[in-house]
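Input: a single structure, listed below in C-alpha cells.
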Amino acid sequence: MKPSFKIALIYLLVGVLWILLSDRILELILEPLDIFEYKYYQSIKGVTYVTLTAILLYILVKKYHINLSNKINELEKLNEELNSQSKKLENSNRELEQIVFVASHDLQEPLRMISSFMTQLERKYISEVNDKGKKYIRFAIDGAERMKRIILDLLDFSEATKINEDDVELNMNQLMEKLVASHQKTIFEKEAKVTWDPMPSIIGKRVQLIQVFQNLLRNALSYHKEETSPEIHITFKEDKREYLFAIKDNGIGIKPRYQERIFNIFQRLHTHDEVAGTGMGLAISKKLVSNMGGKIWVESEEGKGSTFYFTIPKNQL
C-alpha cells in the first residue's frame with residue numbers, strides 16, 4: 001500500500017471513529033466536572049480532533065520520512081557502487097577492444113604470408129605434388145582465408161559501437177536498389193528473388209543501416225533450402241515512435257531454442273562446409289541496431305523460413 005493512500009485511510013478512520021464516539025467520550029469527561037455546556041461542545045470536539053490528527057500525521061510522516069531517508073541513502077550507496085563498476089567495465093572493455101584491434105592487425109600479416117606462399121606453392125609446384133598434397137595445400141589456403149574473414153569480422157564487431165554518424169534523410173527505395181545491386185552476383189548464382197514494399201524517405205544513420213541490411217540479406221541468401229531458390233521480401237512500417245523493418249525469407253528456418261542464441265558472437269548452427277561464414281553477421285547487426293537505439297529479433301519455424309525484424313527510433317534532423 002502506498003504511503004499517501006495509507007495516511008489518507010488512517011486519517012479517514014480516525015475522523016469517522018471520533019465522530020461516532022466523541023459525544024459519549026465528552027459526556028463522560030465533562031459532566032462530572034460540571035463544566036458541560038452545549039456552546040463549548042462543538043469547539044472542544046473540533047480542537048480535540050485537530051490535535052489528535054495532527055499528532056497522528058506527525059508520527060506517520062516522520063516514520064515515512066525516516067524510511068525514505070534510509071532508502072535514499074541505500075540508493076546513493078548502490079549508485080556509487082554501480083558507477084564504480086561501470087567505470088571498471090568501461091576500462092576493461094576499452095582494454096579488450098584495444099587488444100582485439102592490435103592482435104587482429106598483427107595477425108593479418110602472417111596470414112597474408114601463409115596464404116601467399118601456399119598459393120605460390122600450389123601454382124609453381126602443383127605438378128610435383130600428389131593428390132593428397134594438393135588437398136592439404138587447398139585446406140591450408142582455405143583455412144588462412146577463413147581466419148582472415150574471422151579477423152575482419154572481429155574488427156567490424158569491435159568498431160560497431162564506435163561509429164559516430166549523424167542522422168540524415170535516406171531514400172529507402174534507392175537504398176534497397178543499391179543493396180540488391182551489391183549482392184547481384186550471389187543473387188544471380190542462386191537464382192534468388194529479392195523484393196520490397198514501396199518505402200518513404202526516413203531519417204537515420206546511413207552507414208549503420210546499410211550494414212545491418214547487408215548482413216540480414218546475406219544471411220537470407222546463405223541459409224536457403226537446396227532444392228528451392230531464395231525468395232526474400234522486405235517490408236516497412238512506422239508509428240509515432242519508430243520505424244519497423246522486416247526481412248522475410250523462405251529458407252531453412254530456425255528452431256525456437258536457437259532464436260536468441262544466433263545473435264551472440266560466433267554462434268553458428270551449421271558447419272562451414274554447410275554454409276560459409278563466421279557467425280558474426282547477426283551479432284554485428286544486433287550491436288549496430290542497439291547502437292541506433294532499436295532492437296532486433298527473429299520469428300521462425302524450422303523448414304518454413306524466417307522473418308528478421310528490427311526497429312529504429314525516429315529522430316528529427
Side-chain angles (χ1 to χ4, degrees), residues 146 149-150 153-154 156-157 160-161 172 175-176 179-180 182-199 202 204-205 208-239 241-313:
R146 286 169 59 187
R149 184 68 261 168
I150 290 173
D153 283 348
L154 271 174
D156 287 342
F157 185 80
T161 55
M172 292 305 299
L175 189 146
M176 290 296 111
L179 180 71
V180 171
S182 67
H183 291 80
Q184 195 59 51
K185 181 175 182 295
T186 304
I187 291 172
F188 177 78
E189 291 173 349
K190 295 180 180 288
E191 298 181 349
K193 182 180 180 181
V194 181
T195 57
W196 61 90
D197 291 344
M199 298 183 185
I202 70 169
K205 300 183 186 301
Q208 297 180 59
L209 196 58
I210 289 175
Q211 191 169 356
V212 172
F213 271 115
Q214 285 180 337
N215 289 336
L216 294 178
L217 180 58
R218 189 182 301 120
N219 190 77
L221 289 169
S222 298
Y223 293 91
H224 67 92
K225 302 172 189 174
E226 291 185 5
E227 70 279 6
T228 306
S229 297
E231 292 184 3
I232 302 161
H233 185 66
I234 303 170
T235 60
F236 168 90
K237 291 182 181 179
E238 65 175 310
D239 57 27
R241 298 176 301 169
E242 62 187 11
Y243 306 112
L244 171 65
F245 297 94
I247 296 87
K248 183 178 181 180
D249 64 57
N250 64 336
I252 58 179
I254 306 166
K255 293 180 180 179
R257 65 176 180 269
Y258 297 131
Q259 290 178 13
E260 291 187 10
R261 170 183 162 187
I262 58 173
F263 293 102
N264 296 332
I265 188 170
F266 289 132
Q267 292 298 312
R268 290 175 53 88
L269 305 183
H270 304 272
T271 65
H272 182 77
D273 293 334
E274 293 174 314
V275 181
T278 62
M280 293 285 289
L282 291 178
I284 292 172
S285 297
K286 181 179 179 180
K287 201 169 185 182
L288 288 168
V289 170
S290 297
N291 190 46
M292 290 185 283
K295 58 181 179 179
I296 185 170
W297 70 96
V298 64
E299 293 179 2
S300 180
E301 186 175 346
E302 189 176 19
K304 296 186 179 180
S306 305
T307 303
F308 284 85
Y309 298 90
F310 71 93
T311 60
I312 301 296

List the steps, then state whether side chain to side chain contact (heavy atoms under 4.5 Å, CB included) holds for Leu217 with Ile247. CA-CA 8 Å; Leu217 180 58; Ile247 296 87; 5.7 Å; no
With side chain to side chain contact (heavy atoms under 4.5 Å, CB included) as the test, would you mind laying out the steps for Met199 and Ile234 before giving the verdict? CA-CA 10 Å; Met199 298 183 185; Ile234 303 170; 3.6 Å; yes
Phe213 vs Phe310, ring pair (Phe, Tyr, Trp, His ring centres under 6.0 Å): CA-CA, chis, key distance, verdict: CA-CA 10 Å; Phe213 271 115; Phe310 71 93; 5.3 Å; yes
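The shortest distance between side-chain heavy atoms of Leu216 and Leu282 falls below 4.5 Å. Looking only at side-chain heavy atoms (C-beta outward), Tyr223 and Asp249 stay at 4.5 Å or farther from each other. Taking the side chain as every heavy atom from C-beta outward, Trp196 and Met172 never approach each other to under 4.5 Å. Leu288 is listed as a side-chain neighbour of Ile284, based on a closest heavy-atom distance under 4.5 Å. Contact check for Ile254 versus Phe308: side-chain heavy atoms found under the 4.5 Å cut-off. The shortest distance between side-chain heavy atoms of Glu238 and Ile202 does not fall below 4.5 Å.
Of the possible polar contacts, none joining the Ser290 side chain to the Lys287 backbone as a donor-acceptor pair under 3.5 Å is found. Without hydrogens or angle criteria, Ser229 side chain to Ala192 main chain gives no donor-acceptor distance under 3.5 Å.
Applying the salt bridge (Lys or Arg N to Asp or Glu O under 4.0 Å) test to every pair with at least one member in residues 189-198, sequence neighbours left out, gives these pairs: Lys185-Glu189. Applying the salt bridge (Lys or Arg N to Asp or Glu O under 4.0 Å) rule to pairs touching residues 295-308 yields Glu301-Lys304, sequence neighbours excluded.
Here Met176 contributes atom CE and Ile210 contributes atom CD1; the two are 8.5 Å apart, rounded to the nearest 0.5 Å. Interatomic distance, CG of Leu221 versus NE2 of His183, reported as 6.5 Å (0.5 Å rounding). The structure places OH of Tyr309 at 7.5 Å from NZ of Lys248, a figure rounded to the nearest 0.5 Å. One distance of note links CG of Leu209 with CE of Met292; it measures 5.5 Å at 0.5 Å rounding.
Of all non-hydrogen atoms in Ala246 and Thr307, the two that sit nearest each other are CB-CG2, 4.0 Å. Here the closest non-hydrogen pair linking Ile296 and Val289 is N-CG1, 4.2 Å. Nearest approach of Ser306 to Ser300, heavy atoms of both residues: OG-OG, 2.7 Å. Nearest heavy-atom pair across Pro313 and Gly294 is CD-N, 3.8 Å. Taking every heavy atom of both residues into account, Gln214 and Ser182 meet most closely at NE2-OG, 4.2 Å.
Among residues two or more places apart in sequence or in another chain, the side-chain contact (heavy atoms from CB on, under 4.5 Å) test is passed with Thr228 by Lys225, Asn250.
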